[in-house]
2 protein chains.
Amino acid sequence: MAKERVTVIDIARAAGVSKSTVSLVLQGSSLVNEATRAKVNAVIRELGYVYNRSAANLRQAKSKIIGIVVNDLTNSFFAELAVGVDAVVQSAGFVQFLANTGEKSERQREVIASMREHGVSGLIISPARGTEAADLAPLVESGIPVVLVVRDIARAGVSSLISDNRAGALAAVRHLIARGHRRIAFLGGFADTAVFEARMRGYRDALREAGLNAGDDLVIGSAPSRAGGVTAIEQAMMLEDRPTAALCFNDAVAFGVCDGLRARRLEPGADFAVIGFDDVIEAKTAVPALTTVSVDPQGMGERAAELLLKQIKAGRAEPEAIVGPVRLVIRQSCGSAVERRAKEVS
Amino acid sequence: MAKERVTVIDIARAAGVSKSTVSLVLQGSSLVNEATRAKVNAVIRELGYVYNRSAANLRQAKSKIIGIVVNDLTNSFFAELAVGVDAVVQSAGFVQFLANTGEKSERQREVIASMREHGVSGLIISPARGTEAADLAPLVESGIPVVLVVRDIARAGVSSLISDNRAGALAAVRHLIARGHRRIAFLGGFADTAVFEARMRGYRDALREAGLNAGDDLVIGSAPSRAGGVTAIEQAMMLEDRPTAALCFNDAVAFGVCDGLRARRLEPGADFAVIGFDDVIEAKTAVPALTTVSVDPQGMGERAAELLLKQIKAGRAEPEAIVGPVRLVIRQSCGSAVERRAKEVS
DNA sequence: CTTAATAATTGGAACGTTCCAATATCGTCA
DNA sequence: TGACGATATTGGAACGTTCCAATTATTAAG
């Protein structure tokens, strides 16, 4: 069954032209006569020719592959990010090489090495936790365009596209304060990441400007997952002076917090205000619909891809550090019932 | 900055050996002397050599890439599937080429073509809706090993790995019946898929063996997503004779159903029994924890990858059609409160 | 010592494409 | 008619690797 490869030479012979002409047709050159082009295309279809990109890559040193490496594909935020990247990369005639590191930097190293071997012409990376500038140095020196998304790395010397985490957290907490909350927790996330640090900064700044103290007891880290959210809220409810609202590290945590609340017969939105971060697809349809800081993962993927494509086209570009806007979308999980209750209490 | 490529010849020159020897070292051949190997490896590191897979692929017609194409990466079921595939494929020294079709068969065609051009040595496909045997024919004829997952395609002539959808649905509905439910709905999913058809068959068979009628009014299709679940349950609650329980097409729909129930002040698990399908990660931690038919997406990905790898190694293998076991995992969403209430009613 | 066997190493051809410079074909204008 | 430009086409070299057959160095056996 596995017949031997049909090559450009076979096509040439069958169509009665030279291999150069066939090559020209393949790249859609305008140099070739309409009639010849039609003839060649017909033969290509007839013989079931499959273009060999390895050969082409070898000759011209550019590959039409872009790589994207994410730290946790299981988190829908990153899945959506990948979908966004795919969309624009695809329509630019590139193909996407996606790898998941599962937060393991060893795995990340392998994956990046493999992508380089395959000659990707650019890389979009959402780095695993603990990745340092030194880890990326060889890659960066090789001159391959790289765009960091979601998590920036200091002095890595590459472009980055992150969202304005501080501003988002600030807006969210201000909103809670305006609704009368005084005991506001920050739940979930690992403290050793830059994203955590930035969101935390916004949280603290909002509290400070309202003259509230940001006691560390109200900051409770956990895995940035649904399960992590459950444990974080449980811990929060053990405090003698309980919070009445929480800003969560991300939407997954927020969903977990809602779950944990319900497990204690508390209704999120009514008995306790919760705000998430990211605005993943489910945030809108969940019940109660999640109030969250919208980061638009898909849009972020698209913009990262556009940025990368621009750099690829430009050859060598100055690294840009873009921080994307973010907006608080108010839905039900910090609902008006809370507002009333919280005001009575305070 | 973008210095020119270091090739195997540069290494050879610097190490004082021939390019053939360097090549041997690269592939870990036992033919080469220990001292030489060490020397060459040192030079490789020193010059920052990057292996060129395009060139290698060109020479030997096998590529160490396996492709995986999924129909909806946004659905965590498929994201987990991909993670499972990645794990085993990786440890076998292959790398994964992942593409998302978003259920568009046009896109699927492009993506598969692109993968063939890159010389993938095998393909795992979760086909887009409406894919037919004819769509895969050219691929299959080329002799590239293909494993279909999740959705099978009749007479495609390739291996497939699907789960026992009928048995899962059967067990789930039997369980509901044993708990006293008589009006059981089937919610969500598109009716034109084989998966829907199989789950539906299990649903009907269970009802029939209990002597219950499976009126079509209780079967309500929708998009297989969280949002789809919300609309499906809304529609179900409009019926004059309302159901007291539902088997959902998948977990996403089940979550949506829970959301929809809460929106009507009904507590899933207590006031209405809901069972999902797939057992995605969140099913366990959700509140109430979702009773669901476990398909183990990650495990499924692993097994699909193993099957594919086996076929790649064997050259040409007989297509196998594996249907994986499935088990009902009982958690809270069809809780005991329902049992009591339902019994009183009946 | 010679010879045979073994262990290491090697040059060159091949893989399927693209690119370059060169050539062929044609109509047009002086 | 000849020269010219424009339009199409072409052969061959090159890309970086692997593989084969051939060679050289080393050891063991006689």
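Not measured: the values here are computed from a predicted model. Each chain gets a letter, A, B and so on, in the order the sequences are listed, and its residues count up from 1.
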| message | If I compare all heavy atoms of B:Val195 with all of B:Arg151, which pair ends up nearest, and what's the gap? | response |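 Smallest heavy-atom distance, with atoms named: CG2-CG, 3.9 Å.
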[X]/[Y] ion pair, N-O < 4.0 Å:
X        : Y        : value
A:Glu132 : A:Arg155 : no
A:Arg129 : A:Glu103 : no
B:Asp135 : B:Arg109 : no
B:Asp10  : B:Lys19  : no
A:Lys104 : A:Asp72  : no

| message | Just so I know, are the side chains of A:Asp86 and B:Leu73 near enough to count as touching, which here means a heavy-atom distance under 4.5 Å? | response |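 Heavy-atom side-chain distance check fails, nothing below 4.5 Å.
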| request: Would you mind building the protein contact string for nucleotides 15-22 of chain C? One character per nucleotide, 5' to 3', B for base within reach (heavy atoms under 4.0 Å), S for sugar-phosphate only, - for untouched. | output: BBBBB---
With 3.5 Å as the limit, what N/O pairs link the protein to nucleotides 5-8 of chain D?
none

